[in-house]
Amino acid sequence: MNDNDRDGAAVSTGTTADATGEAVGIPELVIISGMSGAGRSTAAKCLEDLGWFVVDNLPPALIPTMVDLGARSQGNVARIAVVVDVRGRRFFDNLRESLADLAAKKVKRRVIFLEASDDALVRRFESVRRPHPLQGSGRIVDGIAAERDLLRELRGDADLVIDTSSLNVHELRAKMDAQFAGEEEPELRATVMSFGYKYGLPVDADLVVDCRFLPNPHWVPELRPFTGLNEEVSGYVFNQPGAKEFLDRYTELLQLIAAGYRREGKRYVTIAVGCTGGKHRSVAMSEKLAHRLVSEGVETVVVHRDMGRE
């Protein structure tokens with residue numbers, strides 16, 4: 001299901017091929033899926049506002065047909081977003097076959113998966129007083145568990161996973177804008193997220209970095225009130241033995257990983273950088289790491305998840 005598998009025949013309906021054999025005139029495709037209540041509708045509306053042609057709850061078997069129709073539009077439908085979820089569960093088993101069909105037609109497609117914690121999903125369903133689509137005669141948590149099991153494989157194949165547990169509507173829209181608002185898509189986009197281990201691991205992290213091997217500025221009275229954004233705190237962190245070496249070597253490792261991601265067609269990566277409280281060490285390291293990535297040509301967004309929670 002990665003881009004390297006997409007070397008089949010070009011679409012025969014309304015498309016041509018250039019000198020390299022690549023099909024032209026085929027719309028770009030984004031498939032939006034994920035947990036019910038995690039924000040699929042908000043993500044879809046955001047893409048619609050950015051000029052995408054959005055289709056909600058399209059049976060997966062019809063996705064290739066929708067792409068073919070877009071290819072016949074002579075460029076009028078250049079970007080299509082499709083929301084696929086368990087409301088169409090009778091058709092959900094066809095999704096893999098549809099994705100394989102798209103790969104054979106050299107369709108540029110991405111899968112966006114919206115995730116949230118069980119607690120957050122339960123609160124959202126209870127606030128709107130609606131049942132979960134899979135709970136049947138059981139509880140909301142039963143429906144959530146059944147949906148997680150159904151979507152587990154798709155989540156693993158997703159190009160981008162967004163955890164909305166602590167995001168409001170505006171923050172989710174900002175995340176979507178950051179990923180899709182640019183006119184030209186970069187080869188790789190990275191989110192560097194600082195976090196505190198005492199608040200839990202970020203569920204949408206692709207890579208996790210642990211900075212707890214460094215001395216904690218929390219125990220330095222004059223530094224405790226500040227965050228890793230403060231120059232004195234950052235200087236303290238990077239003056240510790242191993243800090244600069246760790247940054248240098250991890251940057252080298254990321255160069256290797258990024259090259260592999262590009263070969264595999266993965267366009268998004270979330271790097272979670274953790275310390276105990278997510279206030280000092282992880283923040284300072286995230287800022288430096290993001291700067292290194294930008295210097296390597298990777299478009300990078302920095303998020304400090306837990307800064308300010310204390």
Side-chain angles (χ1 to χ4, degrees), residues 30-49 54 56-57 81-89 92 95 110-136 138-180 189 191-208 268-274 278 301-309:
V30 165
I31 297 173
I32 301 172
S33 190
M35 299 297 294
S36 299
R40 293 185 310 244
S41 296
T42 298
K45 288 176 183 177
C46 182
L47 289 183
E48 191 171 35
D49 291 342
V54 178
D56 190 16
N57 198 25
V82 176
V83 181
V84 177
D85 55 58
V86 293
R87 288 175 295 170
R89 52 191 176 276
F92 204 83
L95 181 57
R110 288 168 285 177
V111 178
I112 311 301
F113 193 95
L114 280 299
E115 172 71 277
S117 67
D118 287 2
D119 289 344
L121 295 175
V122 169
R123 287 196 304 270
R124 292 170 189 175
F125 276 105
E126 288 181 343
S127 67
V128 296
R129 299 183 180 180
R130 294 182 60 187
H132 187 281
L134 293 186
Q135 77 179 77
R139 302 174 300 162
I140 292 176
V141 291
D142 298 326
I144 292 172
E147 186 176 34
R148 283 201 192 282
D149 185 61
L150 180 64
L151 299 181
R152 192 179 312 279
E153 194 168 351
L154 178 62
R155 186 190 187 284
D157 289 335
D159 297 283
L160 175 64
V161 177
I162 300 177
D163 178 20
T164 69
S165 302
S166 59
L167 301 180
N168 59 37
V169 171
H170 305 293
E171 290 169 333
L172 175 55
R173 290 185 66 92
K175 269 208 165 190
M176 292 294 295
D177 284 342
Q179 299 293 347
F180 292 97
R189 282 187 171 128
T191 297
V192 180
M193 177 190 299
S194 68
F195 73 95
Y197 276 93
K198 70 180 183 179
Y199 301 114
L201 286 168
V203 300
D204 52 345
D206 296 296
L207 304 168
V208 177
Y268 308 97
V269 58
T270 297
I271 305 164
V273 183
V301 176
V302 184
V303 177
H304 299 302
R305 190 192 75 174
D306 298 324
M307 191 173 70
R309 293 186 67 170

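Residue numbers count from 1 along this sequence.
- Looking only at distances, a side-chain donor or acceptor of Asn168 sits under 3.5 Å from a matching main-chain atom of Glu171.
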Please report, to 0.1 Å, the donor-acceptor pairs under 3.5 Å made by any side chain of residues 192-202, with sequence neighbours excluded.
residue	atom	partner	partner atom	Å
Ser194	OG	His304	ND1	2.8
Lys198	NZ	Glu310	OE2	3.3

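- Side chain of Asp206 to backbone of Thr270: a donor-acceptor contact under 3.5 angstrom is found.
- Between Val30 and Ile112 the shortest side-chain heavy-atom distance falls below 4.5 Å.
- Formation of a donor-acceptor pair under 3.5 Å by the Arg124 side chain with backbone atoms of Gly37 is found in this model.
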Determine, step by step, whether Arg148 and Glu115 satisfy the salt bridge (charged side-chain N to carboxylate O under 4.0 Å, His left out) criterion, reporting the C-alpha distance in whole Å, the side-chain angles of both residues, the deciding distance to 0.1 Å, and the verdict.
CA-CA 10 Å; Arg148 283 201 192 282; Glu115 172 71 277; 2.6 Å; yes

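- No donor-acceptor pair under 3.5 Å is formed between the side chain of Asp85 and the backbone N or O of Ser33.
- A heavy-atom distance below 4.5 Å is not found between the side chains of Val269 and Thr191.
- Thr164 places no side-chain N or O within 3.5 Å of a backbone atom of Leu167 that could act as its donor or acceptor partner.
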So Asp49 and Arg173, salt bridge (charged side-chain N to carboxylate O under 4.0 Å, His left out) or not? Walk me through it.
CA-CA 10 Å; Asp49 291 342; Arg173 290 185 66 92; 2.5 Å; yes

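- Open room surrounds CZ on Arg130; 12 or fewer heavy atoms of other groups in view lie less than 6.0 Å from it.
- Remark: of the listed residues Ile162, Leu151, Asp157, Leu151 is the sole one forming a side-chain contact (heavy atoms from CB on, under 4.5 Å) with Phe113.
- For Gln135 (side chain) and His132 (main-chain N/O), a donor-acceptor pair under 3.5 Å exists by modelled atom type.
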